[in-house]
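The chains referred to below are lettered A, B, ... by the order of the sequence lines, with proteins before strands, and numbering in each begins at 1. No hydrogens, no waters, no symmetry mates; every other heavy atom, side chains included, goes into these values.
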There are 2 protein chains.
Amino acid sequence: MSSSTAKHDVFQAIADPTRRKLLQLLSEQEMPVTAISRHFPISRTAVSKHLRILSEAGLVKEQRVGRETRYRMQPEPLEELRSWLAYYERFWDNKLNALKRLVENEHQAESQPAGPRLVEREAGQSSKKG
Amino acid sequence: MSSSTAKHDVFQAIADPTRRKLLQLLSEQEMPVTAISRHFPISRTAVSKHLRILSEAGLVKEQRVGRETRYRMQPEPLEELRSWLAYYERFWDNKLNALKRLVENEHQAESQPAGPRLVEREAGQSSKKG
DNA sequence: AGTATACGAAACCAAAAGGTTGCATGTCAA
DNA sequence: TTGACATGCAACCTTTTGGTTTCGTATACT
C-alpha cells in the first residue's frame, strides 16, 4: 500500500530545516497557511511550496475550511524512516555494548567481536594481456 | 561536543538514495573507493563526492592504506536522527494505541484523547482602519 | 626506471531546489 | 456588490546538487 512512486520521499522531505520546523509546528496544532507563514522569515508562497513537498511525502494533510487550507501533521510516513534507522541501530548498539563490556571488565583486553574483516578488492581481471 | 557547524548534516546526507546505498554497503564491510564505485552506475569521482558528503556528516570514516582510501560506516551521527524521530513517535504511538483500544473494545466509540483542538488564527490586528 | 593503479581536484554542465513577485480566483464581511 | 483576506499558480532568478571528463600525483609492481 505504501506509495513508492512518489516524487518526494520522506528522507528528502525532512532534509530541509525549514520543513522540519514546519513539521514541528504542525505537530503542535493544525494551522492555516498564513498563520503558519507568520512563524517563518520567508514568503507565504515559499512556505506553501514546502507544505506541498511535505504533503507529497504524506507528512502533512490539508483540509479546506472556507477560504483557508488547514494543515496538520501526519506521522505515518515517519515509520519508513524508523525502520530504515532500525537497521543501523544494531551498529551503535554493538559499540555501546562493547564499551559497556570493556568498562565492566575494566582492565581486560577488548575481544574483537566476530565480523567481516576482509576488504573487497579487485574483481580478478588483472590478466588483461597475458 | 556535537559539531553543529558542519556544512552537511545527517538529514541532508541521507536524503540521497545513492548515499543511503553507500551507507548500507559500508555497513557490511570496509571498502576502498574503486571497489565501492563498482557497485554503482555512476563514475568513481561521483561516488567520491558522495563519500565526502557522508564524511562531512560524520557517517563514514576514511583510512588511507597505501594507495587506497578505505571507507567504513560510522553510525554515531544517526543518533541525532533517532532523537529527532523519538519526538514524533508518540504521535503515531497514540494513533496505534487508539486503534488498539478500538479493536480491543471492538464496537465501542472512540474516545477523543485530550489534545489541542484550537487553530492558531490572526494575530489580532484586524482593526486597521477603525 | 617505467608503467599501471587509486585517488583527489578542477572545470564544467544540466537539472533541481529554494526563493521572489505578481496575478487570478474563491470566500467572507459589510 | 464591493472590498478585504486566503490561497494557488505561473514566471522568473540564483544557488546547490549530482554528474561528467580531464589532469596531477602518490603508491605499487616488475
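With sequence neighbours excluded, no residue forms a side-chain hydrogen bond (donor to acceptor under 3.5 Å, both in side chains) with B:Arg67. For B:Arg20, the salt bridge (Lys or Arg N to Asp or Glu O under 4.0 Å) test picks out A:Asp9, with sequence neighbours left out. When the ring-ring contact (aromatic ring centres under 6.0 Å, His included) test is applied to A:Phe40, no partner is found at least two apart in sequence or on another chain.
Between B:Leu22 atom CG and D:dG19 atom P there is a gap of 10 Å when expressed in whole angstrom units. Rounded to whole Å, the distance from CD on A:Glu56 to C1' on C:dG18 is 15 Å. Atom-to-atom, CG of A:Leu51 to C1' of D:dG8 comes out at 12 Å; the value is rounded to the nearest Å. Rounded to a whole Å, the CZ atom of B:Arg52 is 20 Å from the P atom of C:dA6. Atom P of nucleotide C:dT5 and atom CZ of B:Arg38 are separated by 12 Å, given to the nearest angstrom. Note: CZ (B:Arg19) to P (D:dG19) measures 9 Å, nearest angstrom. Straight-line distance from the CD atom of A:Glu62 to the P atom of D:dC9: 10 Å, rounded to whole Å. In this structure, CG of A:Asp9 is placed 11 Å from P of C:dA17, rounded to the nearest angstrom.
Annotation: side chain of B:Arg70 is not in contact with side chain of B:Arg72 (no heavy-atom distance under 4.5 Å).
Looking only at distances, a side-chain donor or acceptor of A:Arg64 sits under 3.5 Å from a matching main-chain atom of A:Gly66.
Interatomic distance, CG of B:Leu81 versus CG of A:Leu85, reported as 5.0 Å (0.5 Å rounding).
Five base pairs at each end of the helix from C:dA1-D:dT30 to C:dA30-D:dT1 define two local axes, and these are offset by 30° (rounded to 10°).
Counting non-hydrogen atoms under 4.0 angstrom, B:Tyr71 reaches the backbone sugars and phosphates but no base.
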Identify each donor-acceptor pair in which a side-chain atom of residues 48-55 of chain B lies under 3.5 Å from a protein atom, sequence neighbours left out, and give them as a table.
{"unit_1": "B:His50", "atom_1": "ND1", "unit_2": "B:Arg19", "atom_2": "NH1", "d": "3.1"}
{"unit_1": "B:Ser55", "atom_1": "OG", "unit_2": "B:Glu62", "atom_2": "OE1", "d": "2.9"}

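Applying the ring pair (Phe, Tyr, Trp, His ring centres under 6.0 Å) test to every pair with at least one member in residues 67-86 of chain A, sequence neighbours left out, gives these pairs: A:Phe11-A:Trp84, A:Trp84-A:Tyr88.
When every heavy atom of B:Leu23 is checked against every heavy atom of B:Leu59, the shortest pair comes out as CD2-O, 3.8 Å.
Between A:Gln12 and C:dA16 there is no side-chain N or O to OP1 or OP2 distance below 4.0 Å.
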Report summary line: Given protein heavy atoms under 4.0 Å, the one-letter contact record of nucleotides 19-30 of chain C, with B base, S sugar-phosphate only and - none, is simply BBBB----BS--
